J.: 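This is the structure, below, for whatever I ask next.
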Amino acid sequence: MGYYEDNQTKDNKYHFKVINYRKAITAIRALDYEITSEEMARKIPRVGKKIAQKIGECVSLGRIKKLDHLDWDQERLKVETLFRSVYGVGAEKALEWYNKGLRTLDDLRKLPDLTKNQISGLHYYDDLQKRIPRAEVEEIGKVVESAAKKLHPDIQSQVTGSYRRGKPDCGDIDIVVARPDIDTGEELFLIMEHILNELIIQGFLVDHLSLPTWSDDMANAPKHFKYMGICKLPGKGSVHRHIDILVVPWIHLGAALLYFTGNDICNRSMRLLAANRGMRLSDKGLFTGVMRGPKRKRLNEGTWVAGRTEREIFDYLGINYLEPFEREC
DNA sequence: GCGCAGCGTCC
DNA sequence: GGACGC
DNA sequence: GCGC
Ligand SMILES: O=c1ccn([C@H]2C[C@H](O)[C@@H](COP(=O)(O)OP(=O)(O)OP(=O)(O)O)O2)c(=O)[nH]1
Ligand SMILES: [Mg+2]
């Protein structure tokens, strides 16, 4: 029995509801048996009283009462969801525009004060809505890898994100690039620059959503760079795709892979676990000796202890290694 | 009743 | 510093 | 909304 319960997120209250619905859904999806009662549902971790109750309704009535009279403000929900599906449009803009009486994407296209990313998001809207088959993700991964290896043949490039978790299709392409024993911001920025120049000349990168910025302070410190843009394989019928490229210090490669492979819920759970053990986990690594004040606010940086490999981080956290395909929650 | 990840860029 | 994104 |  499949279950889907979708909601709209508007930060600070509904936000965590939606996250918990997602957690419950993936927990249920991981089961290999049918749920036939509310009591049975209640036993599943992350399925609490309220969600179990709804499952109970679904089993006995075939529907969820709450959903019946939900259509009420459905117009607002639908329009907000549509607006938020545009890159660069979040909860705030979507609501603001709805309240101004805007209803369609063509209404948005007429606005004079769109940001650069919103303009791109609207321009490539249809293409960006399309899922990307694994085969095309691989092809795109190779384009980036060859561009990188032109500079130094020992540069490594890996496709991460949902692709690495084994999904049959992906929302975008997430790539992590690193070079053995290269850690400094200066060297890594040059690698990033080279890759981008190369891919722009090729006509592969056609638009930029967010560019890495160079600041010469701490040029010799380990520092990573993130690029976000729009790419397109050569050929007529090819579709524009959203691509994120991360160039990272060799010592942070494991942490970066862990982060960029996700999924987001898995990252947040691991980071929470680290925090509860006096540590901090980020895309740069695992840090110990982290002090936290009231409201769990971090008081110090902590000391970097792991991040070269993913396994190192799992080990240091004292949890079993998870293969990428197992990192769904 | 409380907290819920951590960090970067754009504007 | 908020909005938006990964 | 969930777990502590
Ligand atoms: O709020 C977020 C969003 C993403 N990520 C990490 C995990 C995620 O797997 C990775 C890449 O993000 P993306 O948005 O591309 O997600 P995905 O898991 O690759 O799914 P999709 O197929 O939609 O691209 O970045 C986070 O840590 N927090
Ligand atoms: Mg992705």
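The structure presented is a predicted model; accordingly, all values stated were derived computationally and were not measured. In the text below, chain A, chain B and the rest are named by the order of the sequence lines, each starting its count at 1.
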J.: Should A/Arg296 be listed as having a side-chain N or O under 4.0 Å from OP1 or OP2 of B/dC2?
T.: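 For B/dC2, neither OP1 nor OP2 has a side-chain N or O of A/Arg296 closer than 4.0 Å.
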J.: Within residues 252-273 of chain A, find the residues that approach DNA chain B with a heavy atom at under 4.0 Å, and present them sorted by residue number.
T.: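 Residues of residues 252-273 of chain A under 4.0 Å from DNA chain B: A/Tyr259, A/Arg268, A/Arg271, A/Leu272.
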J.: Are any of the side-chain nitrogens in A/Arg179 or A/Glu187 under 4.0 Å away from the carboxylate oxygens of its partner?
T.: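 No, no charged N to carboxylate O under 4.0 Å.
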J.: Should A/Val176 and A/Val159 be marked as a side-chain contact (heavy atoms from CB on, under 4.5 Å) after you check the CA-CA gap, both sets of side-chain angles, and the distance that decides it?
T.: CA-CA 6 Å; A/Val176 173; A/Val159 180; over 6 Å; no
J.: Which residues, if any, of residues 206-223 of chain A bring a heavy atom under 4.0 Å of DNA chain B?
T.: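 Contacts with DNA chain B under 4.0 Å: A/Ser210, A/Leu211, A/Thr213.
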J.: Could you check whether atom CG of A/Asn320 has more than 12 heavy atoms from other residues, nucleotides or ligands sitting under 6.0 Å from it?
T.: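 Not more than 12 within 6.0 Å, no.
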J.: Using ring centroids (six-membered ring only for Trp), state whether A/Tyr124 and A/His242 fall under 6.0 Å.
T.: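 Centroid separation for A/His242 and A/Tyr124: 6.0 Å or greater.
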J.: Taking the side chain of A/His242 as its heavy atoms from C-beta onward, which of C/dC6, D/dG3, B/dG6 lies nearest to it?
T.: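 Out of C/dC6, D/dG3, B/dG6, the nucleotide with an atom closest to A/His242's side chain is C/dC6.
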J.: Picking from B/dG8, D/dG3, B/dA5, which would you name as closest to the side chain of A/Arg46?
T.: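 From the listed options, D/dG3 comes nearest.
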J.: OP1, OP2 of B/dG6 versus side-chain N and O of A/Arg292: anything below 4.0 Å?
T.: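 It does, given that an N or O in the side chain of A/Arg292 lies less than 4.0 Å from OP1 or OP2 of B/dG6.
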J.: Would A/Glu80 and A/Arg76 pass as an ion pair if we require N to O under 4.0 Å?
T.: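 Result for this pair is yes, salt bridge flagged.
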J.: Return the orientation label for the A/Phe83 and A/Trp97 ring planes: parallel under 30°, perpendicular over 60°, tilted otherwise.
T.: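 Plane angle over 60°, so perpendicular.
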J.: Within the pair A/Lys297 and B/dC4, is there a side-chain N or O less than 4.0 Å away from OP1 or OP2?
T.: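 Answer is no, no contact under 4.0 Å.
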J.: Which of these nucleotides, D/dG1, C/dC4, B/dC11, is closest to any side-chain atom of A/Lys116?
T.: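 From the listed options, B/dC11 comes nearest.
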J.: Please tell me which of the listed nucleotides, D/dG1, B/dC7, C/dC4, lies nearest to the side chain of A/Lys284?
T.: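 For the A/Lys284 side chain, the nearest candidate turns out to be B/dC7.
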J.: Less than 4.0 angstrom between a side-chain N/O of A/Lys226 and OP1 or OP2 of B/dG8, yes or no?
T.: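 For A/Lys226, the contact criterion (side-chain N or O under 4.0 Å from OP1 or OP2 of B/dG8) is not met.
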J.: Indicate whether any N or O donor in one side chain lies under 3.5 Å from an N or O acceptor in the other, for A/Thr160 and A/Tyr259.
T.: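 No, no side-chain donor-acceptor contact under 3.5 Å.
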J.: If the P atom of B/dA5 is compared with that of D/dG3, how far apart are they to the nearest Å?
T.: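 Each nucleotide's P atom is 15 Å from the other's.
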J.: Salt bridge between A/Arg29 and A/Glu328, side-chain N to carboxylate O under 4.0 Å?
T.: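 A salt bridge is absent here (no side-chain N lies under 4.0 Å from a carboxylate O).
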